[in-house]
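Take a look at the structure below.
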Protein chains: 2
Amino acid sequence: MTISEENYLKVIYHLSLVSPKGVNTNAIAGMLETKASSVTDMLKKLAEKEVVTYKKYQGASLTNKGLIQAKKIVRRHRLWEVFLVEKLQFSWDEVHEIAEELEHIKSEKLINSLDAFLEFPDFDPHGDPIPNEKGEMKKLDKQLLSEIPLETLCKCVGVKDSSAEFLQYLDKQKITLGSQIKILEKESFDELIRVEIDKKVMVLSNKIATNLYVQ
Amino acid sequence: MTISEENYLKVIYHLSLVSPKGVNTNAIAGMLETKASSVTDMLKKLAEKEVVTYKKYQGASLTNKGLIQAKKIVRRHRLWEVFLVEKLQFSWDEVHEIAEELEHIKSEKLINSLDAFLEFPDFDPHGDPIPNEKGEMKKLDKQLLSEIPLETLCKCVGVKDSSAEFLQYLDKQKITLGSQIKILEKESFDELIRVEIDKKVMVLSNKIATNLYVQ
DNA sequence: AATTAAATTTAGACAAAACTAAAAATATTT
DNA sequence: AAATATTTTTAGTTTTGTCTAAATTTAATT
Ligand SMILES: [Mn+2]
Ligand SMILES: [Mn+2]
Ligand SMILES: [Mn+2]
Ligand SMILES: [Mn+2]
């Protein structure tokens, strides 16, 4: 498995969660910032290696073998993110790029030792679940804040958008994983919502509300 | 800097310490397990990038720019080795290969944070010095055990050969960095030496004695 | 159903890094 | 100094992953 192949597998995995019946060539190209023709080439190769099923013009999906591989890469990515935040004091908006490289270091022993060193975390710094050695992961039945009814107390458990800009904006608003949130009022005109977060009343945009997972 | 270019730079650095007036094409090929013709190609590219000075048939050496780069790679390699041994409980014979990959993760912040996390170690698990952020490193005036006179108490501070086989053999003999060694007798016939190591008397071969650094 | 638009694939080219085989330069022997 | 051996470089391929431009297929509109 080359780094490039791994990056494709991971992207197909992520896209599969949203469109399980086949991932579009263009969608993959978009995520990898490459061209559709390159994706077609790679899909053929991955199909050859039997990690992906691919029929011309029909999109791709992971085989069981491919799924196992993809989850390993996700496991490595998320464990390294935890390491960077918990042990090296990185903030949650800085870790993604570095984990993007570290995820390609392939040593079972390394990753299992790291897992143990971190005390087997279930979630990464963005609230995403970390597959264990067998590929199993905890799934919370989280919802977007925008779907929560008025006056219901909930807890922030993850982000949908994990771009640095969004994460830094959350930092500025003092919203972190674990924050207690209650929606006080929804303004239908401009979709702003008035909320109480950790006892402080503030106003959030719809863009925030549709990118924050709560429970 | 690609991974391949970095591997070449690091090898040229190591070979320079032994032959400072120019590193042979064949020597580089040997270390990298590649062919001399590939080395020639790469030397041209590295010379183009001004990290190496290279004249046809004359061997190569690092420019100042190349030296700085090479020391950064060595720094990363050795810090990761310390991490693996100190934090993840790897043994000293298991870390080299993994560090060979980790050394290519290029983030200044990552490596400086790691350095701090490890409390700024001066030496790696094999007794080799770790360059600091500025590229400076401590150098011990170590000698090979084979050069030490009889009855002189010295301390094991490093290994010349850091292959897994040698390191495992040292483990088996209970020789570690820090072991106190005194040579009791040298047998000129077969070059075996009788030594006292940490109060225990034992016999070592010349091959061991010429690969152990003491001080 | 025919036309247009969008998505996807093919064909052909390119750069990086490796290889083999042959040629050229340097070193070592005789 | 000439002959031989060794080292190094050149020339020509190969593989991987990318690209552009053109062709093809599928989807959306009229
Ligand atoms: Mn990646
Ligand atoms: Mn994450
Ligand atoms: Mn390396
Ligand atoms: Mn080392």
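Quick note on labels: first sequence line is chain A, next is B, and so on, each numbered from 1.
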Does the side chain of B:Thr210 come under 3.5 Å of the side chain of B:Ser146 through a donor N or O and an acceptor N or O? no
Could you verify whether a donor N or O on one side chain and an acceptor N or O on the other, from A:Asp171 and A:Trp92, lie under 3.5 Å apart? yes
Could you state the atom-to-atom distance from [atom1] of [X] to [atom2] of [N] in whole Å?
X	N	atom1	atom2	result
B:Tyr54	D:dT8	OH	P	9 Å
A:Leu15	C:dA7	CG	P	15 Å
A:Asn7	D:dT18	CG	C1'	14 Å
A:Glu48	D:dT16	CD	P	12 Å
A:Met42	D:dT16	CE	P	10 Å
B:Lys55	D:dT7	NZ	C1'	18 Å
A:Lys44	C:dA11	NZ	C1'	10 Å

For residues 9-23 of chain B, the salt bridge (Lys or Arg N to Asp or Glu O under 4.0 Å) pairs (sequence neighbours left out) are B:Lys10-B:Glu100, B:Lys10-B:Glu103
**Request:** Measure the acute angle between the ring planes of A:Phe83 and A:Phe117, then classify it against the limits of 30° and 60° as parallel, tilted or perpendicular.
**Result:** tilted
Atom pairs under 3.5 Å: protein N/O with N/O of nucleotides 25-28 of chain C:
from, atom 1, to, atom 2, distance (Å)
C:dA25, O4', B:Tyr57, OH, 3.3

Pick base, sugar-phosphate or nothing for B:Thr40, based on heavy-atom distances below 4.0 Å to the nucleic acid.
base
My understanding is that only residues two or more places apart in sequence, or in another chain, count here; which of them pass ring pair (Phe, Tyr, Trp, His ring centres under 6.0 Å) with [X]?
X	value
B:His104	none
B:His126	none
A:Tyr8	none

Are any side-chain N or O atoms of A:Lys71 and backbone N or O atoms of A:Gly135, one a donor and one an acceptor, separated by less than 3.5 Å?
yes
_Under 6.0 Å from the ring centre and within 45 degrees of the ring axis: does the NZ or CZ of A:Lys138 meet both conditions for the six-membered ring of A:Phe123?_
no
Judged by nearest nucleotide, the residue sitting upstream toward the 5' end of DNA chain D, A:Asp41 or B:Asp41, is B:Asp41
Expected list for residues 17-38 of chain A near DNA chain D, using heavy atoms below 4.0 Å, is A:Thr34, A:Lys35, A:Ser37, A:Ser38
